[in-house]
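Since the structure comes first, as structure tokens, the remarks are kept for the end.
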Amino acid sequence: MSCDVAVNRRIVWPKIKRFYWCPYCNVPLLEPTCPICKSKAIRIPLSDPGDARIALERDYNILRNAYIYEFSTERGIESLVGNSVALLNKAPYYDEMKEVYVDGVQVGRLYYDPFLKTWRFRLSKVGALRVLDVDKDVIEKIAVEKKHYNHMDVIRTDKEIDEHKQVLLINASGNIVGLGYSRGKGRIMVHSWWGEGDPFKGFERKSELIDVIKVNSEYMNIVEAKAKKFVALTAEKISKPLIASFSGGKDSLVALHIALSLGLEPIVLFNNTSIELPETVDTVYRITAQYGLKLIEASAGDMFWRSVYEFGVPGRDYRWCCKICKLTPLARTVKNSWPLGGLNIVGQRAFESLDRARSPSLWRLRWAPQLINISPINEWSQFEVWLYILKHKLYVNPLYYMGYERIGCFMCPASTLAELALVEQTHSNQWSQWLSVLEYWRNRLDLPKEWITYGLWRWNAPARYRTIMAKRLGVEQRVNDWRKSFNEMAKPRIRKVIKNENAVSIYFENKVEYEFIEKQYTIVNPVSFSRCATGIVLHYNGSYIIINDDEIVLKLSKEEDIEKIVDVLKLMYRWELCVGCRSCEVNCPTHAIKVIEKNGKTRPEVQKPSTCIRCKLCLYNCPISEVYVEHIIVPLLFDNTEAWRRKSREHHNEVLKKIKNFIKLQITKNTAPRKTQDKSFEIPSLTDFLSLDQ
């Protein structure tokens, strides 16, 4: 039985921000002509999407320390950082890397080495020439014989050069033509080949931050005016309660301030995951108090810490935490506070991620469809956000000045090792709490210490970057033994799976309790439900499922019927692992399902089978069924870690279609002429609904 998995394709950024540099004022700007000196600016070639920002004091300290690490001296660094404000732009790399632009040229790249666990600085040709102008002996140099070398080529030298040190490659004419790294024992690995030619070393006029603000003020006035107009017109057109989502970060701060500058007083909505750093929570409270605004918190309480010992460590490919800590509390809070809808101002930016780059400036979130969300800064870069903050002298989360770029859950698996190292350095108490979780799972899954120390826990299944790192560390086999890990994480644990063209049998180590299916079976829409001498039978058209003491068997008539047993597994595992997040209860369109607490255990039950419309939204929104089962149990069933991508899987749009059909039928039945004066709301019959769905 095959698992047809969709193939990933290379994705290009749909939106790119262009940056320019004024040759006379020697400052970065966002338009091709300088409004002050009227000079034609040059475009600087940033890596996509060009979400650059102004360097802060912490960045200069990191750069200085990285330079000293590379060259064991400070000589040449003043020439390197030049006469202007530095501009930093993220570049592709398996941890964290930033292009450093000063005086209109890129002088190198600041990057975090995950193996050496330190920030490093890689010179560009321009950067090397600027340093050599001050001191020709700062950087090691070796002569090369060939006219051209490729990346990763190895050159032999008699010089004794410390491992990992940068080395300039000099040709027979004495010109710098490339850069390499020492691998020890006289081996130099080529990293960059620049070739002949003397590049422009940058502009010389001295400029400061105040000049950057002044040069870009006219542009920012226009950008601000557009953002204010967008908010004002939308608020006037959509006559709903006004809300501003504030995360404690710089982007949502600017979006909130734009609304306040219009004289609006939105209610502040804070999605408190309870795994935020204390400075973030303090910032939210401080800003709302400063402007006299009402604050409503969507709080997850201790849900994360109770769930992590059940579901395992969250990963970039295993984000159960988002549903439990963010989306469900948000859905519950919005449903209770704004049942008739609202207009929500958010600080979302297109350059933060590919998903956000595809998002419009006005949208609805499926987890809180009552709210219409607008982002007045959707097209802004970090550069514009910081210019706004500096211009209006806003109080901003102090974490930014400590070196943080991302404000959110402190141990988010999307973090780089550089970010996690910063948390360990600045917030030891929070980090110790997280380390205890990692140690629990490392011991349970029998993983090497490198799984923790090098952040390999950030992926649930084998992934390219994790495999590269694990291979270099010599622990690839242990870290990538996903079958062993997933089997250990499974609760109830699967003993074996037997599949053929006509049947699938799943055997469990422990007895299966029938109550999980008795209380939920309507969700998976069998034609009939019956008990037999050996267990329970779910009948479908042409197929059936038998649930015995330690076995679930599916007899199928077509390959797509495999989804029926997947749905039953989702009911089974969420029954066993339910932590009471109540996402199923909050999102059920007919209020058919409730989370019941018995003997200290929470479990989802269909309380009103006659009103369950079989839409499966409660499964789709459940962190156990939609994340845990799809990413831990389903791979064991299909013997494929990518099985969650299978084409036969029902997706959100199909679920929504069922709900839309239900709503249409509701409207039809409740607006049709009645023989009596009874105006009570009527739920359409299940027979009517299912026939419409077909």
Side-chain angles (χ1 to χ4, degrees), residues 53 56-59 61-62 96 244-257 267-309 313-314 319 321-330 332-333 346-347 352 382 385-386 389 393-440 452 455 457-458 581:
R53 66 172 176 83
L56 304 174
E57 183 179 353
R58 169 80 179 187
D59 300 307
N61 291 335
I62 293 173
E96 192 165 333
S245 288
F246 183 38
S247 68
K250 66 183 190 315
D251 298 338
S252 56
L253 171 66
V254 169
L256 171 61
H257 192 266
I267 295 174
V268 173
L269 174 60
F270 175 38
N271 209 164
N272 190 349
T273 64
S274 296
I275 41 178
E276 314 282 341
L277 291 174
E279 290 85 351
T280 297
V281 180
D282 290 344
T283 298
V284 172
Y285 293 161
R286 175 169 177 160
I287 293 297
T288 51
Q290 177 183 341
Y291 295 108
L293 302 173
K294 181 181 178 182
L295 173 64
I296 292 179
E297 281 193 42
S299 177
D302 65 347
M303 192 62 69
F304 176 81
W305 299 108
R306 289 197 288 117
S307 303
V308 71
Y309 289 100
V313 176
R319 301 283 284 271
C321 46
C322 289
K323 292 200 174 192
I324 279 186
C325 298
K326 285 187 176 181
L327 299 174
T328 298
L330 176 66
R332 182 169 54 245
T333 302
V346 301
E352 292 178 277
Q382 290 191 84
V385 168
W386 276 107
I389 290 170
K393 298 180 174 60
L394 303 184
Y395 175 85
V396 69
N397 194 323
L399 290 174
Y400 289 113
Y401 299 112
M402 296 165 66
Y404 288 82
E405 287 205 43
R406 184 191 61 83
I407 302 299
C409 305
F410 74 85
M411 34 51 63
C412 179
S415 302
T416 62
L417 268 185
E419 291 172 313
L420 297 176
L422 185 59
V423 175
E424 183 178 9
Q425 175 189 337
T426 62
H427 294 77
S428 57
N429 289 340
Q430 285 84 356
W431 189 250
S432 294
Q433 186 179 10
W434 179 236
L435 275 183
S436 66
V437 172
L438 294 178
E439 279 293 347
Y440 169 84
I452 294 178
W457 56 265
R458 293 172 293 163
C581 76

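For this chain, numbers begin at 1 and follow the sequence in order. For the numbers below, each heavy atom of this structure counts, side chains included, while hydrogens, waters and symmetry mates do not.
Using cut-offs of 30° and 60° on the angle between ring planes, the pair Trp434 and Phe304 is tilted.
Using a 4.5 Å cut-off on side-chain heavy atoms (C-beta onward), Glu419 and Cys412 make no contact. Inter-residue side-chain proximity for Thr283 and Phe246 is flagged as met; some heavy-atom pair is nearer than 4.5 Å. Between Val437 and Trp305 the shortest side-chain heavy-atom distance falls below 4.5 Å. Between Tyr404 and Asn397 there is no side-chain heavy-atom pair separated by less than 4.5 Å. Side-chain contact between Lys250 and Arg53 is absent, with no heavy-atom pair separated by less than 4.5 Å. A heavy-atom distance below 4.5 Å is found between the side chains of Ser274 and Ser299. Between Leu56 and Asp59 the shortest side-chain heavy-atom distance falls below 4.5 Å.
Here the closest heavy-atom approach between residue Glu352 and residue Gly347 is recorded as OE1-O, 4.1 Å. Thr273 and Cys409 get closest at one heavy-atom pair: OG1-SG, 3.6 Å. Considering all non-hydrogen atoms of both residues, Met402 and Arg58 come closest at O-NE, 3.2 Å. The two residues Arg458 and Leu420 make their nearest non-hydrogen contact at CD-CD1, 3.9 Å.
In this view, Tyr440 and Tyr309 satisfy the ring pair (Phe, Tyr, Trp, His ring centres under 6.0 Å) rule, not counting sequence neighbours. Residues satisfying the side chain to side chain donor-acceptor pair (under 3.5 Å) test with Glu96, not counting sequence neighbours, are Lys98, Thr416.
Within 6.0 Å of atom NZ in Lys323, more than 12 heavy atoms from other residues, nucleotides or ligands are found, so the atom counts as buried in its surroundings. In the displayed structure, Gln290 atom CD is contacted under 6.0 Å by more than 12 heavy atoms of other residues, nucleotides or ligands.
One N or O on the side chain of Thr288 and one on the backbone of Val284 form a donor-acceptor pair closer than 3.5 Å. Looking at Ser415, its side chain never comes within 3.5 Å of a backbone N or O of Met411 through a donor-acceptor pair.
For residues 285-303, the pairs satisfying salt bridge (charged side-chain N to carboxylate O under 4.0 Å, His left out) are Asp302-Arg306, with sequence neighbours left out.
Each of Leu422, Leu399, Val423 was compared with Phe410 under the side chain to side chain contact (heavy atoms under 4.5 Å, CB included) criterion, and only Val423 meets it.
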